[in-house]
Amino acid sequence: MPGQIVVGTDGSPAATAAVRWAADDAARRGCPLRLVSVVDHWAYGIAKLPTSGGDPLTRHAERALAAAEAVVREHRPDVPISAEIVEGIPARTLRDKGKEATEIVLGSRGLGGFAGIVVGSVSSHVAGQAPCPVVVVRPGWSGGRGEIVVGVDDSPECDPALAYAFEQARLHGCGLRAVHAWRLPAHPLAPEITYDVEEVREARRRVAEEKLAGPRRGYPDVAVHEESVYGHPVDALIQASRTADLLVVGSRGRGALGSAMLGSVSRGVLHHAGCPVAVIRPPC
């Protein structure tokens, strides 16, 4: 169904946080919520054969969906809910759900990913390949900080990220902090080249200002705070995320497999941000 928000759940704490975030966003947008639990028999070497007690993975998926629905009913009772169990590889299945969704919301772990890393392989894969915005939420997230943060640069991939960030700021009824990180160009073969730091700073400020001009006209009621930071974009965005309700980044990855599709900045903030992260890929 076009216009729905898809949230993947496996009953884990990270998935529960994702369900709550997705329910809030569905309420803000006035759209339905689709709860999806993916059963992957091959990952566990379990044949899909009838047993006296039923398939254990399917039973687990049913419990996960029931728990997720209970969370939504208690937290956002007016949000329309549908649910489904799908058999397949979680990363591919959830990625493909992006064809029929406004956005996909996932927990940072679980869903078949590796529990030993900060962001699971499933969320990284889906964020790098889904054709719609993907929001990754960590366990225990509660929000209420009152600010959306977006990374700004001069790439074409920045434009859809800005559009999403301005819309989220409008939906949240809060301000938007636009962070533009920059560094002096490095020329290892010509180290004698020098730059006027203030001149470069002003040039980079103008780049950000020009990028923001169009969205500002489209969202005149959104208060925007421009922040120019000397340093690496990942460091600047992680720092900004500590006081934000959502961090929005564009992805310019061109890889062929999994998280290789994520650019270095989006991959870095997914692992270390202090708030939910929305990864926005440009239209195909």
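None of these values were measured; they are calculated from a predicted model. Here, residue 1 is the first one in the sequence, and each next residue gets the next number.
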Please tell me if the side chains of [X] and [Y] come closer than 4.5 Å, counting only heavy atoms from C-beta onward.
X      : Y      : value
Val149 : Ser241 : no
Phe166 : Val248 : no
Leu94  : His125 : no
Trp21  : Val7   : no
Trp141 : Asp245 : yes
Leu106 : Ile104 : yes
Ser124 : Arg267 : no
Tyr164 : Ile148 : no

Shortest non-hydrogen contact between [X] and [Y], atoms and distance:
X      : Y      : result
Ala64  : Thr9   : O-OG1, 4.1 Å
Val279 : Ala127 : CG1-O, 3.7 Å
Thr16  : Gly11  : OG1-O, 4.3 Å
Arg281 : Ala130 : NH1-O, 3.4 Å
Ser155 : Lys211 : O-NZ, 2.9 Å
Cys31  : Pro80  : O-CD, 4.2 Å

What residues, two or more places apart in sequence or in another chain, satisfy side chain to side chain contact (heavy atoms under 4.5 Å, CB included) together with Ala61? Ser37, Val39, Ile85
Does a side-chain N-to-carboxylate-O contact under 4.0 Å join Asp24 and Arg76? yes
Do Glu87 and Leu57 pass the side-chain contact (heavy atoms from CB on, under 4.5 Å) test, and can you show the C-alpha distance, the side-chain angles, and the key distance before you say yes or no? CA-CA 10 Å; Glu87 182 170 358; Leu57 295 183; over 6 Å; no
hydrophobic_cluster_shared for [Y] and [X], side chain cutoff 4.5 Å:
X      : Y      : answer
Leu212 : Val207 : no
Val105 : Leu171 : no
Val86  : Val126 : yes
Val229 : Val265 : yes

Inter-residue atom distance [X].[atom1] - [Y].[atom2], 0.5 Å rounding:
X      : Y      : atom1 : atom2 : value
Lys97  : Cys132 : NZ    : SG    : 12.0 Å
His272 : Leu247 : NE2   : CG    : 13.0 Å
His172 : Leu246 : NE2   : CG    : 6.5 Å
Ile5   : Asp25  : CD1   : CG    : 4.5 Å
Gln4   : Leu33  : CD    : CG    : 8.5 Å
Glu100 : Arg34  : CD    : CZ    : 7.5 Å

Polar contact flag, side-chain donor to acceptor under 3.5 angstrom, Arg95-Gln129: yes
Donor-acceptor pair, side chain of His225 and main chain of Arg177, under 3.5 angstrom: no
For the pair Arg20 (side chain) and Ser142 (backbone), establish whether a donor and an acceptor sit closer than 3.5 Å, ignoring hydrogens and angles. no
Under the salt bridge (charged side-chain N to carboxylate O under 4.0 Å, His left out) test, residues paired with Arg205 that sit two or more places apart: Glu202, Glu209
Contacts under 3.5 angstrom, residues 214-221 side chains, donor-acceptor by atom type, not counting sequence neighbours:
unit_1 : atom_1 : unit_2 : atom_2 : d
Arg216 : NH1    : Glu226 : OE2    : 2.6
Arg216 : NH2    : Val224 : O      : 3.4
Tyr219 : OH     : Glu167 : OE1    : 2.9

Tell me, yes or no, whether the heavy-atom count around Arg92 atom CZ, taken from other residues, nucleotides or ligands under 6.0 Å, exceeds 12. no
